[in-house]
Number of protein chains: 4
Amino acid sequence: MKGRLGIGLIGLGRLGRVYARDLSSRIAETRLVAVSDPFGSLASEVAAEFDVSKHYTDPLAMIDDPAVDAVVIVSPTSTHRDLVIAAASRGKPTFCEKPPALALDEIVEMQKAIAKSGVFFQMGFMRRFDAGYASAKKQIEEGRIGTPLVFKSTSRDPFRPSLEYANPKSSGGMIIDMGIHDFDLARWFMGDVRTVSAIGGTIAYPELATVRDIDNAIVSLTFTSGMLGVVDLSRSGLYGYDIAADILGSQGTLRVGYLRETPVMLLTKNSVAHDTVPYFMERFRDAYTTQLQNFAQNVLHDRTSPITIADGLEALRVGVAATRAQESGVAVSVSGV
Amino acid sequence: MKGRLGIGLIGLGRLGRVYARDLSSRIAETRLVAVSDPFGSLASEVAAEFDVSKHYTDPLAMIDDPAVDAVVIVSPTSTHRDLVIAAASRGKPTFCEKPPALALDEIVEMQKAIAKSGVFFQMGFMRRFDAGYASAKKQIEEGRIGTPLVFKSTSRDPFRPSLEYANPKSSGGMIIDMGIHDFDLARWFMGDVRTVSAIGGTIAYPELATVRDIDNAIVSLTFTSGMLGVVDLSRSGLYGYDIAADILGSQGTLRVGYLRETPVMLLTKNSVAHDTVPYFMERFRDAYTTQLQNFAQNVLHDRTSPITIADGLEALRVGVAATRAQESGVAVSVSGV
Amino acid sequence: MKGRLGIGLIGLGRLGRVYARDLSSRIAETRLVAVSDPFGSLASEVAAEFDVSKHYTDPLAMIDDPAVDAVVIVSPTSTHRDLVIAAASRGKPTFCEKPPALALDEIVEMQKAIAKSGVFFQMGFMRRFDAGYASAKKQIEEGRIGTPLVFKSTSRDPFRPSLEYANPKSSGGMIIDMGIHDFDLARWFMGDVRTVSAIGGTIAYPELATVRDIDNAIVSLTFTSGMLGVVDLSRSGLYGYDIAADILGSQGTLRVGYLRETPVMLLTKNSVAHDTVPYFMERFRDAYTTQLQNFAQNVLHDRTSPITIADGLEALRVGVAATRAQESGVAVSVSGV
Amino acid sequence: MKGRLGIGLIGLGRLGRVYARDLSSRIAETRLVAVSDPFGSLASEVAAEFDVSKHYTDPLAMIDDPAVDAVVIVSPTSTHRDLVIAAASRGKPTFCEKPPALALDEIVEMQKAIAKSGVFFQMGFMRRFDAGYASAKKQIEEGRIGTPLVFKSTSRDPFRPSLEYANPKSSGGMIIDMGIHDFDLARWFMGDVRTVSAIGGTIAYPELATVRDIDNAIVSLTFTSGMLGVVDLSRSGLYGYDIAADILGSQGTLRVGYLRETPVMLLTKNSVAHDTVPYFMERFRDAYTTQLQNFAQNVLHDRTSPITIADGLEALRVGVAATRAQESGVAVSVSGV
C-alpha cells in the first residue's frame with residue numbers, strides 16, 4: 001500500500017472529534033475520507049469542519065465504502081464487537097479504542113473474527129505512545145534499571161463523572177473504567193498478571209452508590225514472574241489529572257509523572273505554586289496523535305500490530321479480576337476469570 | 001519539675017550515640033547524666049566524648065541512680081520489655097524507641113506496668129516530628145484538604161540490611177521492621193485500621209530467603225472509618241532513601257516527600273541531575289532531635305504523652321496482621337490479632 | 001472577511017516548513033494557498049507535501065496572486081523590507097518574523113509604508129504566545145504580583161551556530177540575534193527601556209572571533225519607569241535549550257521556565273535525573289502555531305494588531321543599543337539610537 | 001595544640017547567640033570559655049544559658065584571658081578593626097565575621113597587623129561551607145563542567161531591613177551589605193574581578209530613600225580571566241529568602257538553589273504549592289556551624305586559613321566598586337578602588 005491511508009472514522013463524540021482533526025490534518029500518513037455517527041447532523045457538521053467528503057449514519061455502510069482503506073472505531077464500547085467483526089469480515093485494517101468490550105466472551109469472539117480474517121488490528125492504549133511511558137519502556141529495554149521488580153501506578157481523575165457514565169453497566173465499574181490503562185501498562189512493563197486483590201469504596205461521592213459504583217480503589221498485583229505491582233485509582237483527585245508510575249528495578253527506578261500544565265510559577269509570601277494538568281486530553285494529546293500515526297504507518301508498511309486484541313483481552317481480564325476481588329475481599333486468579 | 005531533665009540513656013549503638021549527642025548538647029531542656037551499655041568500654045568512651053559523668057553496664061543500676069530523672073531506651077527491641085517495666089516500677093518517665101516489643105503480649109504487659117505506675121511514657125515514632133509530616137498533620141487539622149480519604153505511603157531503603165539484622169526473629173520481618181512507621185502514620189492521619197491484606201516476595205535479594213525474609217511488599221489497609229490506605233515497602237530503593245506519603249482528601253491532597261540532599265544540580269548534555277537522601281539519619285536527623293526535646297518538655301511540663309504505648313501496640317498489631325496477610329494470601333482483621 | 005484566510009507563505013527554510021504545516025493543517029482559520037521560495041524545487045516539494053495548489057520562486061508574483069488573502073514572511077531578514085513594503089502597497093495583511101530588519105532606518109521605512117497603506121501588520125514574537133509567558137502577562141494584569149519591579153531573563157542555546165549564521169553582518173550579532181526576544185518581553189512586561197549597558201565576550205568558542213561575534217553576554221536595562229532589568233545570553237548552554245524569566249513584583253514574583261522534555265526521571269545510585277528541552281522548536285512549537293492562528297483571527301475579525309512594527313523597531317533598538325554598549329563599555333541611551 | 005579549643009566570643013546579637021550555641025554544644029572541637037558584650041546583662045544571661053564560665057563587657061579584657069585560646073568576632077562591623085588588631089597583637093587565632101570593615105584602608109591596616117603577628121586569621125563567608133556551594137566547588141575542581149565561563153548569582157531578602165540598619169553609613173549600602181557574599185563566591189569560583197558596572201534603584205520601598213539606600217540592583221562583572229558574571233540583588237524577594245547561583249561551564253552547568261523549607265506540598269484545585277525558606281538562618285544554619293568547626297580544626301591542626309583577610313578585602317573592593325558604578329553609571333575598575 002502506498003500514499004496516504006484513507007480512513008473511515010466511526011464515532012464523533014469528544015474523542016472522536018479529536019481523532020477527526022488528527023486524521024484529517026495532523027498525520028501525514030492519513031486522509032480522513034469518511035466519518036460516521038448515528039446523529040446525522042453531527043456527522044455532516046464534522047465532515048464540513050474537516051473537509052471530509054463523505055459522512056454516514058450507518059457505520060457498516062461506511063466500512064463498505066471502497067474509499068475507506070482502514071477503520072478507526074471510537075464509538076461507545078457496546079458497539080465495538082459488531083463493528084470490529086464487520087471490519088474484519090470485510091478485510092479492513094482496524095484501530096479500536098479500549099476497552100475492546102466489557103464482556104470477555106465478546107472479546108474472544110472479536111479475537112476469532114480477526115484471526116480468521118487475518119486482518120490488521122490495533123488496540124488503542126495511548127499511554128504506550130506517551131513520550132514518558134515510551135521513554136521508560138525504551139530505557140528498560142536498554143537495561144538502565146536492571147530487572148523490573150515492582151510496578152506502581154496511579155491514576156486520578158480531577159472530578160466525578162456523571163452518574164450515567166459511571167454506571168458499571170456501561171463503564172464496567174471504576175476499576176475497569178479507570179484502571180484498564182494501568183493494567184495494560186503493568187503487562188507491558190512486567191508481563192502477565194497472576195493474581196489480583198483489591199480494596200475500594202464509595203468514600204468521596206456518596207451519590208455514586210446509587211449506581212453501585214465506587215470512587216477510590218487500591219489494586220495489588222502479583223505477576224507470573226513473581227514480581228509485584230500496585231495500582232491506586234481515584235475519581236477524586238480534585239487538584240488535577242494525576243497519572244504517574246514508578247518502575248522499581250534491580251539497578252534503578254524509572255518515575256513517570258507530570259503534574260504541571262504551563263511553565264510558570266507564582267511565588268507569593270512563603271508559597272511557590274504551579275498549575276496542574278486539567279484532564280486527559282491535555283495530558284495525552286500528543287500520545288493520541290502519535291498512536292493514530294503509528295497505526296497508519298503499521299498498515300502502510302505491513303508491520304505487525306504492537307497492541308493486539310489479546311492485549312485488550314488480558315487488560316480487561318485483570319480489570320474483571322480486580323473488580324471481583326474488590327467485591328469479594330479475596331484475591332482472584334487472573335487466569336481463572 | 002524545673003531546670004534541665006537529667007537523662008539516663010540505655011543503648012549506645014548507632015542511634016544511641018546520636019541520642020547521646022542530642023541529649024548532651026543539642027537540647028536545652030536535657031542534661032545527659034548517665035549512659036548504659038553492656039559493652040563497658042563503649043559506655044566509658046561515649047561518656048568521655050559527651051562529658052557524661054556516669055556510665056553503667058547494668059541498665060537497672062542506672063535507672064536506680066537518683067541523678068537520673070528520666071530514661072531514654074534505644075537498646076535492642078528484645079530488651080525493651082524488661083527495661084520499660086523496670087523504669088515504670090521505679091516511677092521514672094520513659095522514652096522508648098519503636099517497636100515496643102515484637103510480641104503483642106509483651107507489649108500488653110508493658111502497658112499494664114505503665115498504667116499501674118502512672119508514670120509518663122512516650123513511644124518513639126520520629127516521623128511524627130518531621131517538619132513535613134507535622135506540617136501535613138497541622139494542615140489537615142486546619143481543614144486544608146477536607147476529609148482524608150486515602151492514605152498512601154512509601155518507604156524504600158537504599159540497600160539490603162545484613163542477613164542477621166533482617167532475620168525476622170529479631171526484626172519481626174520486613175513488613176514490621178520497615179512498615180511500622182508507615183502504620184503509625186496511617187493511624188495518626190486516618191484512625192484505626194480494620195483489615196489489612198498484603199503481597200510480598202524475595203525478588204531483589206535471593207539470599208534473604210535463607211533467613212526467610214522478603215524484600216518488597218505492598219500492604220493494603222481499610223480503616224474503621226471506611227477509608228482506604230496502601231503502603232509499599234522496599235529494601236531495594238537503591239537510588240537513595242525514599243520516604244513519601246500522599247494524603248488524598250475530599251478538598252485537596254497533601255504530599256510529603258523529599259528526595260534530595262544538597263541544593264545543587266548538575267546540568268550536562270540533555271540531563272539535569274540532583275542527588276538523593278542517603279539514609280534515615282540524613283532524612284530524619286532533625287526529627288530525632290525534636291522528638292527527644294518534645295519528650296523532655298512533656299515531662300518537665302507535666303503534659304500528656306502524645307504517643308502512648310497503645311500507639312506502639314496498635315502499629316505493631318497492624319504490622320503483625322500485614323505479615324500474616326502476606327504469608328496467608330488472605331485479608332486479616334486487625335482487631336483479631 | 002469570512003471563511004478561511006488564504007495564506008501565501010514566503011520562505012521555506014526550517015521554520016518556513018513548520019509554518020507550512022501549521023497553516024495547511026493545524027489552524028482551522030487558514031488555508032495555505034501558495035508558497036514561495038527562490039529554490040523552485042523546494043517550493044514545489046513543499047507544495048506537494050502540504051497539498052498547496054500554487055508555488056512560486058518570485059515572492060512578489062505570489063503576493064499579487066488574488067487567491068492570496070494575506071502574506072506570511074519567514075524568509076531571511078535581509079528580504080523583509082522589500083517584501084513588507086510590497087505587501088503593504090498591495091494592501092495584503094502581513095505577518096513578518098522577527099526581526100523586521102537589521103537596520104533601524106529600514107524599519108522606519110517599512111513602518112511608513114504600513115502606515116500609509118493602513119494594512120494590517122503583525123510582528124512575529126512567538127514567546128508572547130507561549131502558555132507560560134502569556135499566563136505570566138495575564139497574572140500581572142490581574143494584579144497577582146503588584147507592580148513589576150525587576151525583569152530578569154535568560155536565553156541559552158545548546159550549541160554554537162555555524163560561523164556563517166553567527167556573522168553579525170547577517171545575524172546582527174549575538175546580542176541582537178538571541179536577545180531580541182528577551183528585549184521584546186522586557187518591553188511587554190515593563191514598558192520602554194531607557195538605557196542599556198552590556199558586557200560580553202568570545203569565551204566559549206574562540207573560533208567565533210573570526211567572524212567578530214561573541215558567545216556570552218549580560219545586558220542590564222533601566223526602564224523609563226525607573227525599574228530594572230537584566231538579560232543573560234549564552235550560545236553555550238550545552239545541557240539544553242534554557243529559556244527562563246523572573247518578573248519580580250511588589251507583591252510576588254512570576255517565574256517562567258521549562259527545562260524538561262519528557263515526563264520521566266531515571267533514579268540511580270544517589271542520582272535523580274531528567275532530560276532537557278533540545279531546542280527552540282520543542283520549546284515553542286505550540287507558541288508558533290498559536291501565533292499564526294492569532295494572526296489569522298485578527299485579520300478575519302478586523303482586530304488591532306497585538307504586535308506592531310513599532311514593537312519590532314523598539315526591540316531592535318534595544319538590541320542595537322546593547323550591542324553598542326557591549327562594544328564601547330559605556331551605558332547607551334536607547335532613545336538616542 | 002590538642003584537646004578542645006577554648007573560644008572567647010565577642011558580640012551576642014542574633015548571630016552571636018547562634019554562635020554561642022554552636023561553640024558551646026554543637027562543635028566537638030570547641031569549648032566556649034568566655035563571652036563578651038557591652039551589655040553586661042546580655043553577656044551574663046548568655047553565659048548562664050550555655051554554661052560559659054566567664055563573661056565580659058570589655059572584649060579586650062576577654063582576649064587577654066589566658067583561658068581564651070582563640071577569638072570569634074561577631075560584633076558590629078565598626079568594631080572589627082580594633083578587635084582584630086588587638087587579637088593579632090596578642091597572638092590569638094581569630095575568626096571574624098564578614099565584612100572585615102567598611103573602609104578599605106582599615107582592612108589594609110588589619111591585614112598588616114595580622115601579617116606582622118603571623119597569627120591565624122579566618123574570614124567568615126559561610127556560603128563557602130554550605131553543602132550546595134561546597135559541592136559545586138568540588139565538582140568544578142573535579143572537572144565536571146569544564147572551564148567556568150559565566151557566574152550568575154541571586155540574593156533576595158524577603159523583607160526590608162529597618163531604616164537604621166539599611167543606612168549605608170553602617171551597612172555600606174545595599175550592594176555591599178547583600179552582595180558581599182555573592183562577590184566572595186564570584187571570586188571563589190572565577191578568580192579576581194577586573195571591572196564592575198551596576199544599576200540600581202529605590203523602587204520597592206520609597207522610604208529607603210530617606211537614608212539614601214537602594215533596594216534592588218544588578219551588578220555585572222568581568223573577571224581578569226575574561227569571563228563574565230552577574231549578580232542580582234533584591235531586598236524585596238517577599239516570597240522568601242532566595243539564594244541561588246549558576247556556574248555555566250564549557251562542559252556543563254552547576255545550579256545551586258533552594259527554595260523550600262519543609263518537604264510537604266499542598267495540592268488543591270489546579271494548584272501545587274510548597275513553602276519557601278524564611279530567611280538566612282534557616283537557609284545557612286548548618287553552614288554557620290560547619291564554618292566555625294572548620295575554623296577550630298584549622299587552628300588545632302595548624303592548617304592554612306582557607307579564607308584570608310585578603311579575601312575579605314577583595315570582596316569588599318568589588319562591593320565598593322559596584323556601589324560607585326551604580327552611583328556614577330559608569331564601569332569601575334576594581335584594582336583602581
Side-chain angles (χ1 to χ4, degrees), chain C residues 145-152 154 156 158 194-206 214-223 225-240 242 244 246 248-255 259 276 325-326 328-331 333, chain D residues 145-152 154 156 158 194-206 214-223 225-240 242 244 246 248-255 259 276 325-326 328-331 333:
Chain C
I145 62 163
T147 306
L149 303 175
V150 179
F151 173 80
K152 181 179 165 185
T154 295
R156 292 187 185 152
R194 180 185 290 154
T195 63
V196 295
S197 49
I199 55 175
T202 312
I203 57 183
Y205 310 112
I214 59 176
D215 48 40
N216 278 274
I218 314 285
V219 181
S220 297
L221 312 168
T222 62
F223 296 92
S225 61
M227 302 311 174
L228 308 175
V230 59
V231 174
D232 68 276
L233 305 168
S234 179
R235 292 209 190 273
S236 52
L238 291 166
Y239 51 90
D242 192 0
D246 259 31
L248 182 82
S250 60
Q251 305 296 329
T253 288
L254 285 157
R255 182 163 290 177
L259 196 52
T276 63
Q326 190 268 320
S328 67
V330 297
S333 163
Chain D
I145 63 164
T147 306
L149 303 174
V150 179
F151 172 79
K152 181 180 165 187
T154 296
R156 291 184 185 155
R194 179 185 291 154
T195 62
V196 294
S197 49
I199 55 174
T202 312
I203 57 183
Y205 310 112
I214 59 175
D215 48 39
N216 278 274
I218 314 286
V219 181
S220 298
L221 312 169
T222 62
F223 296 93
S225 61
M227 302 310 174
L228 308 175
V230 60
V231 174
D232 69 276
L233 305 169
S234 179
R235 291 207 190 277
S236 52
L238 289 166
Y239 52 90
D242 192 359
D246 260 31
L248 182 82
S250 60
Q251 305 297 329
T253 288
L254 285 157
R255 181 162 290 176
L259 196 51
T276 62
Q326 189 268 319
S328 68
V330 297
S333 164

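Residue numbers start from 1 in every chain, and the chains themselves are labelled A, B, ... in the order their sequence lines are given, proteins ahead of strands.
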What is the distance from atom [atom1] of [X] to atom [atom2] of [Y], rounded to the nearest 0.5 Å?
| X | Y | atom1 | atom2 | answer |
| --- | --- | --- | --- | --- |
| C:K152 | D:D232 | NZ | CG | 3.5 Å |
| C:S236 | D:L248 | OG | CG | 4.5 Å |
| C:I199 | D:T195 | CD1 | OG1 | 7.0 Å |
| C:I203 | D:S250 | CD1 | OG | 10.0 Å |
| D:Y239 | C:L254 | OH | CG | 11.0 Å |

For chain D, find which of [options] contributes the most heavy-atom pairs closer than 4.5 angstrom.
| options | result |
| --- | --- |
| C:T202, C:T253, C:D215 | C:T253 |
| C:S220, C:A204, C:G201, C:G249 | C:S220 |
| C:G200, C:S197, C:G226 | C:G200 |

If I measure from the heavy atoms of chain C, does [X] come under 4.5 Å with its side chain, its backbone, both, or neither?
| X | answer |
| --- | --- |
| D:T147 | neither |
| D:D246 | side chain |
| D:A198 | neither |
| D:L238 | side chain |

- Message: Is there a side-chain contact between D:R156 and C:V150 in this structure, where contact means two heavy atoms from C-beta onward sitting under 4.5 Å apart?
- Response: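 No. Closest side-chain heavy atoms not under 4.5 Å.
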- Query: Most heavy-atom pairs under 4.5 angstrom with chain C, which of D:N216, D:V219, D:D242, D:V330?
  - Reply: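 Among D:N216, D:V219, D:D242, D:V330, the one with the most close pairs to chain C is D:N216.
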